[in-house]
Amino acid sequence: MIAKGSYIFAGSPNPFVTTQRGVYRSADNGATWTQVNNGLTHQRVYAFAVNGTDLFAGTSDGGVFKSTDDGGSWTQTNSGLTNTNVIALAATGTNLYAATYGGGVFVSGNNGASWSAANSGLTNLYANSFAVTGGKVFVGTQAGVFLTTNHGTSWSNASTGMSSTWISALEIMGTTLYAGTIGNGVWKRPLGEMIPMPKSDVGAVATDLRLEQNYPNPFNPTTTISYSIPAEAVVQLRVFDALGREVAVLVNEVKSAGTHSVQFDAGSLTSGLYVYRLDANGAVLSGKMTLMK
């Protein structure tokens, strides 16, 4: 039985699916599936996230498990996670977010090594879903949609106009946030009413290496990818298709410290899932994006 979470691209040609019996991986684009539960002691998996080359699985009563070998083995990583019923996960490159049933949101700034509660501003601690854009994170709860623009330090209510606030799912399509509710259909709101649109090459000082979610996502046919580097470096930003083939080189040059952005035009490509990869000073970050024509 398939649980929450589903077909996830993990920065390689392998898709994953989460189920009530753990995690399955396909090496042939979904034709066949293999169970990959080594070390996964709690196999009711509700959530999945990819941060760089690491995979994370959120489970019922078992918390979060991490894999550094494309799902070959899993290690429980719950330090500081006082509620282990994890319903949703999100990754922004810099931080991981875990939504729990009754414990609100937890944030990890060290790739899952430790967690801390991040509930300032939340009026309900039953969190069900996330949506991420440009480093900004929305969480759906049983009391509405909340937004953080400061990495979970505080949340603001973004439920204006909704008459039903029990949120079961969130999704960003283009410049619109969609919210699925329990018993009252789907609601939508323009992102521009809640957060500022991304700017190109703003030149802000960066304190760490960051790769933001492309915006908009899904997109057709252009999207903007932003990244930050803490010091001058040779930077490569490349795009790969679902088979791991390089389809575009967006940046391949020395860039100054700060925040930069580049536009990706996929007009010549077919619809589907793509991965963008940032290489700088020996560090690698990646993200996934969807082209919909």
For residues 176-187, please give each side-chain donor-acceptor pair under 3.5 Å, one per line with the distance, not counting sequence neighbours.
unit_1 : atom_1 : unit_2 : atom_2 : d
Thr181 : OG1    : Asn184 : N      : 3.2
Thr181 : OG1    : Asn184 : O      : 3.3
Thr181 : OG1    : Gly185 : N      : 3.2
Thr181 : OG1    : Gly185 : O      : 2.7
Asn184 : ND2    : Ser163 : OG     : 3.2
Trp187 : NE1    : Asn184 : O      : 3.1

Taking it one step at a time, do Asp61 and Thr84 satisfy side chain to side chain donor-acceptor pair (under 3.5 Å)? CA-CA 5 Å; Asp61 297 324; Thr84 56; 4.8 Å; no
Would you say [X] and [Y] make side-chain contact, with heavy atoms under 4.5 Å?
X: Arg189; Y: Val145; value: no
X: Tyr215; Y: Ser261; value: no
X: Thr160; Y: Met194; value: no
X: Val251; Y: Val249; value: no
X: Gln236; Y: Asn252; value: yes
X: Thr100; Y: Ile87; value: no
X: Val139; Y: Leu170; value: no

Among all residues two or more places apart in sequence or in another chain, which pass the ring-ring contact (aromatic ring centres under 6.0 Å, His included) test with Tyr101? Tyr126
Partner residues of Phe65 under the ring-ring contact (aromatic ring centres under 6.0 Å, His included) criterion, sequence neighbours left out: none
Determine yes or no for a side-chain-to-main-chain donor-acceptor pair under 3.5 angstrom, with [X] supplying the side chain and [Y] the backbone.
X: Thr92; Y: Asn95; answer: yes
X: Trp74; Y: Val36; answer: yes
X: Thr223; Y: Pro216; answer: yes
X: Ser67; Y: Ser73; answer: yes
X: Asn78; Y: Leu81; answer: no

Report the hydrophobic cluster partners of Val234, with the cluster defined as I, L, V, M, F, W, Y residues connected by side-chain heavy atoms closer than 4.5 angstrom, directly or transitively. Val254
When hydrophobic residues are tied together by side-chain contacts of less than 4.5 Å, even through go-betweens, does [X] share a cluster with [Y]?
X: Tyr276; Y: Phe264; answer: yes
X: Ile229; Y: Val262; answer: yes
X: Val107; Y: Leu122; answer: yes
X: Trp166; Y: Leu147; answer: no
X: Leu96; Y: Val86; answer: yes

My understanding is that only residues two or more places apart in sequence, or in another chain, count here; which of them pass side-chain contact (heavy atoms from CB on, under 4.5 Å) with [X]?
X: Asn37; value: Val23, Gln35, Leu40, Gln43
X: Ala90; value: Tyr97, Phe130, Val132
X: Ala283; value: Leu209
X: Thr290; value: Asn217, Pro218, Leu273, Met292

I need the single residue from Val239, Val235, Leu278 that forms a side-chain contact (heavy atoms from CB on, under 4.5 Å) with Leu250. Which is it? Val239
Please test Leu291 against Phe219 for side chain to side chain contact (heavy atoms under 4.5 Å, CB included), starting from the C-alpha separation and ending with a verdict. CA-CA 5 Å; Leu291 173 62; Phe219 66 100; 3.7 Å; yes
For Phe16 and Phe48, run ring pair (Phe, Tyr, Trp, His ring centres under 6.0 Å): C-alpha distance rounded to whole Å, both residues' side-chain angles, the deciding distance at 0.1 Å, then the answer. CA-CA 9 Å; Phe16 291 80; Phe48 201 90; 5.4 Å; yes
Indicate the atoms forming the closest heavy-atom contact of Gly71 with Leu55, along with that distance. N-CD1, 3.5 Å
Which atom of Leu211 lies closest to which atom of Gly287, heavy atoms considered: CD2-N, 4.0 Å
Does Glu246 have any salt bridge (charged side-chain N to carboxylate O under 4.0 Å, His left out) partners at least two apart in sequence or in another chain, and if so, which? Arg238
Which pairs, with at least one residue in residues 113-126 and sequence neighbours excluded, count as a salt bridge (Lys or Arg N to Asp or Glu O under 4.0 Å)? none
Could you verify whether a donor N or O on one side chain and an acceptor N or O on the other, from Thr222 and Asp265, lie under 3.5 Å apart? no
Could you tell me whether the side chains of Asn150 and Thr148 share a donor-acceptor contact shorter than 3.5 Å? yes
Side chain to side chain donor-acceptor pair (under 3.5 Å) pairs touching residues 110-121, sequence neighbours excluded, are Asn51-Asn111, Asp54-Asn111, Ser108-Asn110, Asn110-Ser114
Applying side chain to side chain donor-acceptor pair (under 3.5 Å) to Glu212 and not counting sequence neighbours gives Arg210
